Protein chains: 2
Amino acid sequence: MLDECKALANETRLSILEWLKDPATHFDDRVGDEPLGVCAGLIQQRAGCSASTVSAHLAVLLRAGFLQATRRGQWTYYRRDEARIRAFAERVHHDL
Amino acid sequence: MLDECKALANETRLSILEWLKDPATHFDDRVGDEPLGVCAGLIQQRAGCSASTVSAHLAVLLRAGFLQATRRGQWTYYRRDEARIRAFAERVHHDL
DNA sequence: TCGGCATTTCGCTAATCTCCGAAATTACGT
DNA sequence: ACGTAATTTCGGAGATTAGCGAAATGCCGA
């Protein structure tokens with residue numbers, strides 16, 4: 001619970017989770033039908049901060065369990081882990 | 001959403017919210033039937049940190065909307081704002 | 001009115017977080 | 001094998017947060 005809340009306690013990270021709910025509308029290129037998710041570079045571009053900063057944010061969300069990542073060649077694709085996000089929401093509802 | 005998550009991103013504050021779910025079992029004295037809540041002093045005692053630190057934590061939870069406070073004489077009683085906590089849980093469920 | 005108690009506010013230090021650029025890593029194409 | 005591109009890791013600067021004790025505030029009883 002603590003780690004999850006810490007992961008959500010940042011504007012940029014909240015935005016990333018939001019964008020990944022519907023990649024088609026939030027990322028210029030047509031990546032909406034990409035089941036693997038969105039690659040780090042596009043997220044960085046959208047977030048408007050450095051690659052290293054975005055990488056750190058993605059790592060936090062990953063460790064908290066909100067994201068899944070797939071390395072495909074030189075790209076790493078990120079997508080929401082809907083099951084674990086829902087599980088967290090349930091936990092907030094029952095434990096908080 | 002951001003402010004709420006920031007408020008929850010701290011061990012002590014999460015504990016305080018937990019304790020206030022059932023004051024009778026978490027605070028020695030018989031304050032379980034006190035509708036006004038638990039006074040700051042008891043919370044400080046339970047948290048094991050200084051009065052000023054606990055006061056700051058309570059202020060954060062109050063500003064985030066998770067607590068309500070009532071000043072009664074020289075004591076300030078704190079209790080959970082269940083409606084707003086539930087509303088936050090709903091928002092997590094729908095927006096996250 | 002005065003002294004004492006509960007709480008908050010004020011300064012300050014230590015720890016944590018955020019962000020960056022440089023360097024390292026990994027993969028691709030030639 | 002070499003050069004380039006995507007991403008991560010490293011090291012450090014600046015901002016935010018957590019914690020404390022001292023001082024201030026508000027309230028009560030003598």
Side-chain angles (χ1 to χ4, degrees), chain A residues 1-20 23 27-31 34 36-64 66-79, chain B residues 1-20 23 27-31 34 36-64 66-79:
Chain A
M1 185 66 121
L2 220 201
D3 288 336
E4 286 97 331
C5 290
K6 281 186 178 177
L8 298 178
N10 175 277
E11 182 92 63
T12 302
R13 288 195 292 268
L14 280 178
S15 297
I16 291 174
L17 282 177
E18 184 71 22
W19 298 335
L20 290 178
F27 298 94
D28 304 340
D29 314 277
R30 51 216 171 304
V31 291
E34 179 57 80
L36 288 177
V38 180
C39 72
L42 286 182
I43 298 173
Q44 179 221 326
Q45 197 174 319
R46 186 73 167 78
C49 51
S50 77
S52 57
T53 297
V54 167
S55 183
H57 282 317
L58 292 170
V60 170
L61 290 171
L62 202 61
R63 265 184 279 117
F66 294 126
L67 294 185
Q68 289 180 321
T70 306
R71 183 110 201 196
R72 203 63 145 199
Q74 53 205 132
W75 293 279
T76 306
Y77 294 93
Y78 289 91
R79 64 193 174 283
Chain B
M1 185 66 122
L2 220 202
D3 287 337
E4 285 98 331
C5 290
K6 281 185 178 178
L8 297 178
N10 175 276
E11 182 92 64
T12 302
R13 287 194 293 267
L14 280 179
S15 296
I16 291 174
L17 282 178
E18 184 72 22
W19 299 333
L20 289 179
F27 298 93
D28 304 340
D29 313 276
R30 49 219 174 307
V31 290
E34 178 57 80
L36 288 177
V38 180
C39 72
L42 285 181
I43 297 174
Q44 180 222 325
Q45 197 174 319
R46 185 74 169 78
C49 51
S50 77
S52 57
T53 298
V54 166
S55 183
H57 282 318
L58 292 170
V60 170
L61 289 171
L62 203 60
R63 265 184 280 116
F66 293 125
L67 293 185
Q68 288 180 321
T70 306
R71 185 110 200 197
R72 203 63 144 202
Q74 52 205 135
W75 292 279
T76 307
Y77 294 92
Y78 289 91
R79 63 193 175 285

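First the proteins, then the strands, lettered A, B, ... as listed; each starts at 1. These numbers were taken from a predicted model, which means no experiment stands behind them.
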Exercise for review: Ignoring backbone atoms, establish whether A:Arg13 has a side-chain N or O less than 4.0 Å from OP1 or OP2 of C:dT18.
Suggested key: yes

Practice item. Give the intermediate values and the outcome of side chain to side chain contact (heavy atoms under 4.5 Å, CB included) for residues B:Cys39 and B:Leu42. Key: CA-CA 6 Å; B:Cys39 72; B:Leu42 285 181; 4.0 Å; yes

Point to revise | Exercise: identify the closest heavy-atom pair between A:Gln44 and A:Val54 | key: CA-CG2, 3.6 Å

**Study point:** Between P of C:dT18 and CD of A:Glu11, the distance in whole Å
**Key:** 12 Å

Check your understanding: Rounding to a whole Å, what distance do you find between B:Leu62:CG and C:dT9:P?
Key -> 11 Å

Review point. B:Ala51 near the nucleic acid: base, sugar-phosphate alone, or nothing, with a heavy-atom cut-off under 4.0 Å?
Key: base

Review point. Donor-acceptor pair, B:Arg13 side chain versus B:Lys6 backbone, under 3.5 Å?
Key: yes

Check your understanding: Which whole-number value in Å describes the distance from B:Gln45 CD to C:dA6 C1'?
Key -> 13 Å

Exercise for review: Heavy atoms of chain A, cut-off under 4.0 Å: which first and last nucleotide of DNA chain D, 5' to 3', fall inside that, if you could look?
Suggested key: D:dA5 to D:dT9

Check your understanding: Separation of B:Leu2 atom CG from C:dC17 atom P, in whole Å?
Key -> 15 Å

Review point. Are A:Asn10 and C:dC17 close enough that a side-chain N or O sits under 4.0 Å from OP1 or OP2?
Key: no

Exercise for review: Would you confirm whether A:Ser15, through its side chain, and A:Glu11, through its main-chain N or O, come within 3.5 Å as a donor-acceptor pair?
Suggested key: yes

Review point. B:Leu58 CG to C:dT9 P: how many Å, rounded?
Key: 11 Å

Practice item. Kindly say if A:Thr53 contacts the phosphate of C:dC19, meaning a side-chain N or O under 4.0 Å from OP1 or OP2. Key: no

**Study point:** Which residue lies more 5' along DNA chain C, comparing A:Trp75 with A:Thr12 via nearest heavy atoms
**Key:** A:Thr12

Exercise for review: Might you point out which heavy atoms bring B:Pro23 and B:Val38 nearest each other, and give the distance in Å?
Suggested key: CB-CG2, 3.7 Å

Check your understanding: Between A:Leu14 (CG) and C:dT18 (C1'), how many Å, whole number?
Key -> 15 Å

**Study point:** Position toward the 5' end of DNA chain D (nearest nucleotide), A:Tyr77 or B:Arg71
**Key:** A:Tyr77

Practice item. Taking atom types as modelled, find out whether A:Thr70 and A:Arg79 have a side-chain donor-acceptor pair closer than 3.5 angstrom. Key: yes

Exercise for review: For B:Tyr78, answer base if it contacts any base atom (sugar-phosphate contacts may also be present), sugar-phosphate if it contacts only those atoms, and nothing otherwise; contact means non-hydrogen atoms under 4.0 Å.
Suggested key: sugar-phosphate

Revision key, fill the gap. Between A:Gln74 and A:Ser52, whichever has its closest DNA chain C nucleotide further toward 5' is A:Ser52

Point to revise | Nearest heavy-atom neighbours spanning B:Leu58 and B:Tyr78 | key: CD1-CE1, 3.5 Å

